[in-house]
Amino acid sequence: MIIQKFLIWLSDREILSIPSYQVTFTTTRVMTEALTAIGVDFSNPLPDEADDPTAPANDILDDGYQTVPHVDNVGNRQWSMDTATQVHRQLIEDARATWAAADDLRSTYDQGEVLEAIVPFGDALYAQFLETPDNWTAENVQTQLIQLMPEQTLHENQLLLGSWMQLLMHLIESGKLDRDRTAPIAASLQWLHKS
């Protein structure tokens, strides 16, 4: 998009200070304001079931998480199908709630994109490190991101990092994660945005 490239160009020359992870959101906001100024109506129709954050979570993503290669144990933790399923379903629920609560995500991406950015990545954290949301570590989140990001497009990486930042904020605000324990993970995400 030309506006996105222009914002990046301005930011690179320190004419405008917009962190790279906010360029997509800023671009969308600028486009929305411009289109609204010329009379385009953005009133949202009622969401259908696919966009309803209260719809059952088990029909959104496939069960591929069940067959992904995984470690058997890490320290005193052992892989289990029950935990993998619980993590997967909770990630779907939290991803939907994150999308519904985050205006920047909703205005930039559809719910399916956000689910696809959050859920498989969270599933991979469990499969590779046996980490559930309550024991995610910055080191393992960063390791997983560094492995994944070179394989993705810029758009996919912006979606992944932006979705995960919003997910962390949602989990902190809802009391599911501790702010201080989550801060290093957020710092890792921000560091990768700048890289």
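In this chain, numbering begins with 1 at the start of the sequence shown. What you see is a predicted model; the values in this text were computed from it and never measured.
Counting only residues at least two apart or on different chains, no salt bridge (charged side-chain N to carboxylate O under 4.0 Å, His left out) pair has a member in residues 157-166. Listed by first and then second residue, the side-chain hydrogen bond (donor to acceptor under 3.5 Å, both in side chains) pairs involving residues 136-147 are Glu131-Thr137, Glu131-Asn140, Thr137-Asn140, Gln142-Ser188 (not counting sequence neighbours). For residues 170-187, the set of pairs meeting the side-chain hydrogen bond (donor to acceptor under 3.5 Å, both in side chains) definition, not counting sequence neighbours, comprises Asp94-Lys176.
Using a distance-only test at 3.5 Å, with no hydrogens or angles considered, a donor-acceptor pair links the side chain of Arg77 to the main chain of Phe129. Formation of a donor-acceptor pair under 3.5 Å by the Trp164 side chain with backbone atoms of Ala186 is not found in this model. Panel note: side chain Thr108, backbone Leu105; no donor-acceptor pair is recorded below 3.5 Å.
Two residues are said to be in side-chain contact when any heavy atoms from C-beta on lie closer than 4.5 Å; Ser163 and Thr98 fail this criterion. Using a 4.5 Å cut-off on side-chain heavy atoms (C-beta onward), Leu145 and Leu161 make contact. Residues Gln190 and Met165 have side chains in contact (heavy-atom distance under 4.5 Å, counting atoms from C-beta outward).
The cluster map of Ile, Leu, Val, Met, Phe, Trp and Tyr, joined by side-chain heavy atoms under 4.5 Å apart, puts Met81 and Tyr126 in the same cluster. If you chain together hydrophobic residues whose side chains sit under 4.5 Å apart, Met169 and Leu160 never meet in one group.
Atom CG of Asp110 sits about 10.5 Å away from atom CD of Glu116, to the nearest 0.5 Å. How far CG of Leu159 is from CD of Glu113: 6.0 Å, rounded to the nearest 0.5 Å. Interatomic distance, His88 NE2 to Glu93 CD, rounded to the nearest 0.5 Å: 12.5 Å.
Trp79 and Ala84 make their closest contact through CZ2-CB, 3.9 Å (heavy atoms, listed as atom of the first residue, atom of the second, distance). Shown here for Ala102 and Gln166, the closest heavy-atom pair between the two residues is CB-OE1, 3.4 Å. Here the closest heavy-atom approach between residue Asp72 and residue Leu130 is recorded as O-CD1, 4.1 Å. Val119 approaches Ala95 most closely through the heavy-atom pair CG2-CB, 4.3 Å. Annotation for Leu168 and Leu177: closest pair CD2-CD1, 4.1 Å, computed over non-hydrogen atoms. Nearest heavy atom pair, residue Ile146 against residue Pro150, reads O-CD, 3.0 Å.
Residue Tyr65 forms a side chain to side chain contact (heavy atoms under 4.5 Å, CB included) with just one option from Thr85, Leu91, Val87, and that option is Thr85.
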* Full working for side chain to side chain donor-acceptor pair (under 3.5 Å) between Ser80 and Asp82 -> CA-CA 5 Å; Ser80 86; Asp82 288 342; 5.4 Å; no
